[in-house]
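A short write-up of the structure that comes next.
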Amino acid sequence: MIYSVSHLFFVVVVVVVVVPSVHAHIAFWHPSMWGFNVTDKDPAYSYDNRPVVPLARMTFDEWWFHNHLPYPPHPNDVFELPAGKAAIAELGCNKGATTWWNSSEGGDVRQGDWPCPRSTSVQFHTTGINDVKGCALAIVHESDVSKIQPEDFTVFSVNQTCVWHRFTEFQVPADMPACPGGKCTCAWFWIHSPDSGSEQMYMNAFQCTVTGSKPDAPALMKPQVARRCGADPEHGIPQPTPSNCTRGAKQPLYWLQDEGNNMFEDYMGPPFYNDLYDFKDGAQNDIFVTSTNNAGQNQKRDTYQPSRFSRFWGNELHASREATI
């Protein structure tokens with residue numbers, strides 16, 4: 001069948017009008033988060049700092065808490081973490097794709113369990129379900145954010161199929177202790193596959209509390225920097241190296257920023273919240289001071305040799321913020 005140019009133009013116009021684009025990227029959404037109502041028109045920022053905007057090549061103040069500390073949640077808005085059960089988080093490319101659509105700029109665009117309505121998975125840097133790399137929740141048993149440093153966060157739950165679903169389940173360890181004064185500080189972290197779009201990391205912080213804790217729940221270990229120890233066939237490492245793993249509590253993966261990194265992997269070999277860094281799917285049950293893994297935390301590890309697989313990124317790969325997002 002032959003279509004005229006005018007007919008094709010009409011079809012294109014109809015598609016553009018009927019199927020408006022939804023903002024790309026992903027964020028954790030809940031009223032307990034810092035920056036819950038920040039939009040791309042917020043006069044406090046000279047750049048787009050919506051919660052979904054990724055973090056790359058930023059100063060510490062720009063990426064820490066997503067630079068949303070001036071926009072704290074209401075004291076009564078707290079995300080609950082039921083000890084020994086699952087906490088359900090909502091992830092979305094736009095607040096309008098979540099339960100809280102009525103406070104979004106574009107209204108209700110929800111599409112069931114899909115995190116990016118009217119968009120393919122490319123919008124959240126994923127070529128398909130087999131390309132997801134996992135995301136994590138981390139906690140600090142402190143509610144005063146001015147006292148918190150990056151090394152204080154402990155990853156306590158990982159979902160290795162994240163960010164494929166809007167409703168994402170995070171298993172909470174049964175031994176998770178209660179929060180002092182009933183309130184802790186948590187954060188959601190994600191680093192995506194290098195197969196779909198520019199690299200960056202994501203962080204959204206929120207107020208949280210642990211419910212149903214045991215009276216004698218153990219304290220958390222001091223978290224350490226995670227180490228690359230899983231099988232990595234894409235970079236010539238077909239077998240895992242368990243002796244290189246960081247045992248016990250681990251910090252989040254701070255990567256690809258101008259300041260404050262604890263990960264120095266190359267641009268095409270990002271760190272992930274999965275077995276590659278010994279983040280098991282589900283609750284991280286080895287993070288407590290009574291854990292049987294404590295004795296192995298300071299064990300001698302294999303020498304880390306990034307040159308075996310890395311293609312180190314340098315100044316020539318410093319992309320502008322606009323190109324990155």
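Keep in mind it's a predicted model, so treat the numbers as computed, not measured.
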Is there a donor-acceptor contact under 3.5 Å from the side chain of [X] to the main chain of [Y]?
X: Ser213; Y: Ala178; result: yes
X: Trp255; Y: Glu265; result: yes
X: Thr98; Y: Gly96; result: no
X: Asp108; Y: Arg110; result: yes
X: Ser104; Y: Gly107; result: yes
X: Thr246; Y: Gln224; result: no
X: Gln257; Y: Met58; result: yes
X: Gln111; Y: Val109; result: no
X: Trp29; Y: Gly92; result: yes
X: Asn261; Y: Phe264; result: no

Distance-only donor-acceptor check, side chains [X] and [Y], under 3.5 Å:
X: His25; Y: Tyr202; result: yes
X: Asp40; Y: Tyr47; result: no
X: Arg227; Y: Tyr277; result: no

Between [X] and [Y], is any pair of side-chain heavy atoms under 4.5 Å apart?
X: Val132; Y: Ser193; result: no
X: Ile191; Y: Leu253; result: yes
X: Asp175; Y: Lys214; result: yes
X: Arg50; Y: Glu105; result: yes
X: His141; Y: Leu220; result: yes
X: Tyr267; Y: Ser198; result: yes
X: Asn49; Y: His66; result: yes
X: Trp34; Y: Val145; result: yes

Can you tell me how far [atom2] of [Y] sits from [atom1] of [X], rounded to the nearest 0.5 angstrom?
X: Asp278; Y: Lys280; atom1: CG; atom2: NZ; value: 4.5 Å
X: Asp258; Y: Arg57; atom1: CG; atom2: CZ; value: 6.5 Å
X: Trp190; Y: Gln200; atom1: CH2; atom2: CD; value: 7.5 Å
X: Asn37; Y: Ser103; atom1: CG; atom2: OG; value: 5.5 Å
X: Asn94; Y: Cys116; atom1: CG; atom2: SG; value: 9.0 Å
X: Gln284; Y: Leu137; atom1: CD; atom2: CG; value: 10.5 Å

Who pairs with Phe167 by ring pair (Phe, Tyr, Trp, His ring centres under 6.0 Å), at least two apart in sequence or on another chain?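 With neighbours one apart ignored, the set is empty.
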Give the minimum heavy-atom separation between [X] and [Y], together with the two atoms involved.
X: Pro252; Y: Ala138; result: CG-CB, 3.9 Å
X: Val289; Y: Pro218; result: CG2-CB, 4.3 Å
X: Gly248; Y: Lys250; result: O-NZ, 3.3 Å
X: Ala217; Y: Pro177; result: CB-CA, 3.7 Å
X: Leu69; Y: Trp64; result: CD1-CD1, 4.3 Å
X: Asn285; Y: Phe288; result: O-CD1, 3.8 Å

His68 and Val38: CA distance, side-chain angles, deciding distance, side-chain contact (heavy atoms from CB on, under 4.5 Å) verdict: CA-CA 8 Å; His68 286 155; Val38 171; 3.9 Å; yes
Would you please name every residue forming a side-chain hydrogen bond (donor to acceptor under 3.5 Å, both in side chains) with Tyr71, sequence neighbours left out? Asp42
Tell me the salt bridge (charged side-chain N to carboxylate O under 4.0 Å, His left out) pairs involving [range], sequence neighbours left out?
range: residues 146-156; answer: none
range: residues 75-100; answer: Glu90-Arg166
range: residues 154-164; answer: none

Just to verify, which of Thr168, Val52, Asn204 counts as forming a side-chain contact (heavy atoms from CB on, under 4.5 Å) with Leu91? Thr168
Evaluate Thr241 against Ser243 for side-chain contact (heavy atoms from CB on, under 4.5 Å), listing each step before the verdict. CA-CA 6 Å; Thr241 310; Ser243 61; 3.9 Å; yes
Is [Y] reachable from [X] through a run of hydrophobic residues whose side-chain heavy atoms are each under 4.5 Å from the next?
X: Phe272; Y: Val225; answer: yes
X: Val163; Y: Phe170; answer: yes
X: Trp188; Y: Phe36; answer: yes

I would like to know whether Leu276 and Arg228 meet side-chain contact (heavy atoms from CB on, under 4.5 Å); could you show each step before the answer? CA-CA 6 Å; Leu276 187 61; Arg228 200 175 186 113; 3.6 Å; yes
Answer yes or no for Cys184 and Cys208: SG-SG distance under 2.5 Å.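 The answer is no, since Cys208 and Cys184 keep their SG atoms 2.5 Å or more apart.
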Give the C-alpha distance, both sets of side-chain angles, the deciding distance and a yes or no for side-chain contact (heavy atoms from CB on, under 4.5 Å) between Leu256 and Glu199. CA-CA 8 Å; Leu256 207 62; Glu199 280 302 319; 3.9 Å; yes
With under 30° as parallel and over 60° as perpendicular, where do the rings of Phe28 and Phe206 fit, or are they tilted in between?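 Rings of Phe28 and Phe206: parallel, as their planes differ by under 30°.
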Tyr254 vs Phe189 aromatic rings, parallel, tilted or perpendicular, using cut-offs 30° and 60°? perpendicular
Residues 155-162, side-chain donor-acceptor partners within the protein, below 3.5 Å, at least two apart:
from, atom 1, to, atom 2, distance (Å)
Ser157, OG, Gln171, N, 3.1
Ser157, OG, Gln171, O, 2.7
Asn159, OD1, Thr161, N, 2.9
Asn159, OD1, Thr161, OG1, 2.7
Asn159, OD1, Cys162, N, 3.2
Asn159, ND2, Glu169, O, 2.8
Gln160, NE2, Asp275, OD1, 3.2
Gln160, NE2, Phe279, O, 3.0

What verdict does the side chain to side chain donor-acceptor pair (under 3.5 Å) test give for Asp61 and Thr59, after you've listed the backbone C-alpha separation in whole Å, the side-chain angles of each residue and the deciding distance to 0.1 Å? CA-CA 6 Å; Asp61 289 340; Thr59 65; 5.6 Å; no
His30 ring center near Trp100 ring center (under 6.0 Å): yes
